[in-house]
Amino acid sequence: MEKLKNYINGRWVESAADQSSSVVNPATQEVLGQVPLGIGTAKDLDEAVKHANEAYLEWRNVPVMQRVQPLYKLKALLEQNQEEISKIITLECGKTIVESRAELQRAIENVETACATPTLIQSEFSENIARGVDEFMIRQPLGVCVCIAPFNFPGMIPFWFLPYAIACGNSFILKPSEKVPLTMIKVFELMDNIGLPDGLVNLVHGGKETVDAMLEHPKVKAVSFVGSTNIARYIYSKGAANGKRVQAQGGAKNPVVIMPDADLDVTANIIADSVYGCAGQRCLAASNIITVGDDKGKIKESLYEAAKKKVTGFGLDEAVEMGPVISSQSKSRVEMLIEQGIGEGANLLLDGRGYQVSGYQKGNFIAPTILEGLPLGGELVKTEIFGPVMSLLSMKNIEQAISFINSNNYGNMACLFTSSGASARKFRNEADAGNIGINIGVAAPMAQFPFSGWNDSFFGDLHGQGRHGIEFFTQTKVVIERWPREWTRKF
């Protein structure tokens with residue numbers, strides 16, 4: 001099987017890489033392609049940057065109304081090819097086809113939002129800031145911008161950045177995850193038909209060598225990343241040390257609090273979707289589920305029943321509600337962490353290990369799992385599992401729950417289920433997280449809003465999506481002008 005090609009300067013070209021890695025369907029272990037890795041990928045990146053910088057120097061002067069026109073074409077092509085792209089996501093990522101369709105819809109919504117750049121990029125003007133002096137601010141593009149994308153949302157996350165970058169006048173280089181490169185290969189094949197100049201958008205494969213080349217290249221001006229906290233911290237520190245603008249989304253350990261006045265049946269189903277959706281492999285997956293005042297165990301029973309009913313299997317089956325985890329290594333890690341939780345004293349209320357799907361015995365499947373009563377001072381209660389595991393905790397009141405949440409190093413999302421407006425207001429005001437959900441299981445911002453994150457869940461100042469995207473991909477210039485009457489009369 002041949003290595004996958006890079007997309008550089010409007011052409012599909014062979015990589016100079018000396019190694020490759022298999023792209024594997026996590027449900028079947030079928031090899032879908034060979035992605036370039038190793039020595040040589042830095043050379044690929046350098047070639048992409050050269051052409052991207054040349055394209056940027058022309059593109060930056062194209063009027064913004066013209067820059068967004070290709071995005072309208074891209075939106076239409078994504079909609080026309082939504083089912084095909086969704087199937088590719090499921091085949092290489094493992095999530096259900098329903099989840100893949102929803103993911104791609106979020107990508108399309110970001111393209112739509114970026115089409116509003118002519119308005120979003122407008123700035124301020126003050127006439128007569130002093131006698132005869134006008135002052136105004138303009139936004140100008142940065143240059144070559146790069147994105148290092150994760151495996152868990154191959155169709156959506158690149159679109160937190162790509163459409164905003166090019167609408168603002170920049171060029172763009174994407175490095176998809178080596179685990180799931182096929183989705184964006186298909187998308188770039190579509191982008192070949194929307195009228196962008198050669199070199200403006202590029203796709204390069206690779207691993208750490210490519211990432212380090214991005215962080216060190218003097219022509220790369222901005223870096224966008226989504227992934228684990230350790231790598232996010234590395235990318236932020238190294239990128240910033242090299243003078244680059246960086247937005248680096250890290251991991252999470254998202255808490256959900258259930259008050260006694262919540263609607264139990266509805267709440268349990270919503271939380272089960274949050275914990276087990278995408279097999280728990282998302283930075284907004286609920287993880288620590290905190291029941292407040294559940295003395296009779298009714299909330300626990302509802303959660304158990306909702307989790308037990310989840311149908312696990314191959315994602316292209318429309319009846320399946322949860323697919324496999326991404327790799328055999330991920331499966332082993334999740335199973336090891338479940339065992340660690342038991343060792344720390346948790347009760348294994350529901351065990352999803354050893355689960356097999358008929359016809360897909362080689363798949364990386366773990367069924368929904370519930371660990372009850374993890375010690376609050378233990379390690380697992382603060383470790384991101386990134387798998388279909390619910391940690392069920394019990395607390396006396398909302399104050400104790402908020403205190404526990406705010407002791408967490410992460411800060412991506414926190415949710416509350418209640419029928420009390422007072423509890424909701426207290427929670428949204430006091431909980432330390434960038435995305436807050438009230439009676440919402442996955443507090444994922446729509447494209448008009450930034451994908452917020454606090455503490456060790458985010459490194460940088462400006463997040464992906466919406467107006468933050470416009471601000472991240474532009475730099476401000478303040479102009480102060482004076483045209484005295486006696487000067488202008490000379491002309």
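This structure is a prediction, so every number in the text was calculated from the model and none was measured. Just so you know, residue 1 is the first one in the sequence shown, and it goes up from there.
- Contacts of S330 classified as side-chain hydrogen bond (donor to acceptor under 3.5 Å, both in side chains), with partners at least two apart in sequence or in another chain: S327.
- For the side-chain hydrogen bond (donor to acceptor under 3.5 Å, both in side chains) test, residues two or more places apart in sequence or in another chain that qualify with E318 are R101.
- Counting non-hydrogen atoms of neighbouring residues, nucleotides and ligands closer than 6.0 angstrom, the OH atom of Y355 exceeds 12 such neighbours.
- Partners of D273 according to the side-chain hydrogen bond (donor to acceptor under 3.5 Å, both in side chains) rule, which considers only residues two or more places apart in sequence or in another chain, are K310.
- When atom types are taken as modelled, the side chain of E344 and the backbone of E379 share a donor-acceptor pair closer than 3.5 angstrom.
- Between the E124 side chain and the F136 main chain, no donor and acceptor come within less than 3.5 Å of each other.
- The number of heavy atoms from other shown groups lying within 6.0 Å of CG (D461) does not exceed 12.
- Contact annotation: the side chain of P154 approaches that of C93 to within less than 4.5 Å [non-hydrogen atoms, C-beta and beyond].
- Salt bridge status for E109 with R106: present, with a side-chain N to carboxylate O gap under 4.0 Å.
- Atom CE of M336 is surrounded by more than 12 heavy atoms from other residues, nucleotides or ligands within 6.0 Å.
- Legend: ring pair (Phe, Tyr, Trp, His ring centres under 6.0 Å) pairs involving residues 17-44, not counting sequence neighbours: none detected.
- In summary, of the residues considered (D212, N6, D46, T210), a side chain to side chain donor-acceptor pair (under 3.5 Å) with T41 occurs for T210 alone.
- The stretch residues 241-254 participates, sequence neighbours left out, in these side-chain hydrogen bond (donor to acceptor under 3.5 Å, both in side chains) pairs: S224-Q247, Q249-N412, K253-S287.
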F225 vs C147, side chain to side chain contact (heavy atoms under 4.5 Å, CB included): CA-CA, chis, key distance, verdict: CA-CA 6 Å; F225 171 82; C147 171; over 6 Å; no
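- Residue pairs that meet the ring pair (Phe, Tyr, Trp, His ring centres under 6.0 Å) test with at least one member in residues 155-197, sequence neighbours left out, are Y7-F188, W160-F451.
- Other residues, nucleotides and ligands place no more than 12 heavy atoms under 6.0 Å from the CD atom of E2.
- Contact of the T96 side chain with the T90 side chain is not registered, since no non-hydrogen atoms from C-beta on lie closer than 4.5 Å.
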Could you pull out every donor-acceptor pair under 3.5 Å between side chains of residues 200-207 and any protein atom, sequence neighbours left out?
unit_1 : atom_1 : unit_2 : atom_2 : d
N202   : OD1    : N9     : N      : 3.0
N202   : ND2    : G199   : O      : 2.8
H205   : NE2    : K5     : O      : 3.0

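- Of the possible polar contacts, one joining the T229 side chain to the D456 backbone as a donor-acceptor pair under 3.5 Å is found.
- Between P445 and Q465, some side-chain heavy-atom pair lies under the 4.5 Å cut-off.
- Panel note: side chain D317, backbone G313; no donor-acceptor pair is recorded below 3.5 Å.
- The salt bridge (Lys or Arg N to Asp or Glu O under 4.0 Å) test applied to E209 returns no partner, not counting sequence neighbours.
- Contacts of S86 classified as side-chain hydrogen bond (donor to acceptor under 3.5 Å, both in side chains), with partners at least two apart in sequence or in another chain: none.
- Contact check on K3 versus E14 returns no salt bridge, with no Lys/Arg side-chain nitrogen under 4.0 Å from an Asp/Glu carboxylate oxygen.
- Looking at E103, its side chain does come within 3.5 Å of a backbone N or O of M156 through a donor-acceptor pair.
- Rounding to the nearest 0.5 angstrom, the gap separating the CZ atom in F404 from the NZ atom in K382 is 10.0 Å.
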Begin with the C-alpha distance, continue with both residues' side-chain angles, and end with the deciding distance and a verdict on side chain to side chain contact (heavy atoms under 4.5 Å, CB included) for S391 and I289. CA-CA 6 Å; S391 298; I289 309 303; over 6 Å; no
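- No side-chain donor from either of N25 and E92 sits under 3.5 Å from a side-chain acceptor of the other.
- Enclosure of atom CG in L57 by more than 12 non-hydrogen atoms of other residues, nucleotides or ligands within 6.0 angstrom is indicated.
- A distance-only check finds no donor-acceptor pair linking the side chain of N364 to the backbone of K331 [under 3.5 Å].
- Across V223, I173, I235, a single residue satisfies side-chain contact (heavy atoms from CB on, under 4.5 Å) together with M214, and that is I173.
- Counting only residues at least two apart or in different chains, side-chain hydrogen bond (donor to acceptor under 3.5 Å, both in side chains) contacts with residues 57-70 comprise Y56-R60.
- Proximity of a side-chain donor or acceptor of T474 to a complementary backbone N or O of P141 within less than 3.5 Å is not detected.
- The salt bridge (Lys or Arg N to Asp or Glu O under 4.0 Å) test applied to E79 returns K75, not counting sequence neighbours.
- With sequence neighbours left out, K362 forms a salt bridge (Lys or Arg N to Asp or Glu O under 4.0 Å) with no residue at all.
- Under a 3.5 Å cut-off, the side chain of S15 and the backbone N or O of A17 do form a donor-acceptor pair.
- Test I194, V111, I85 against L77 for side-chain contact (heavy atoms from CB on, under 4.5 Å) and you get one pass: I194.
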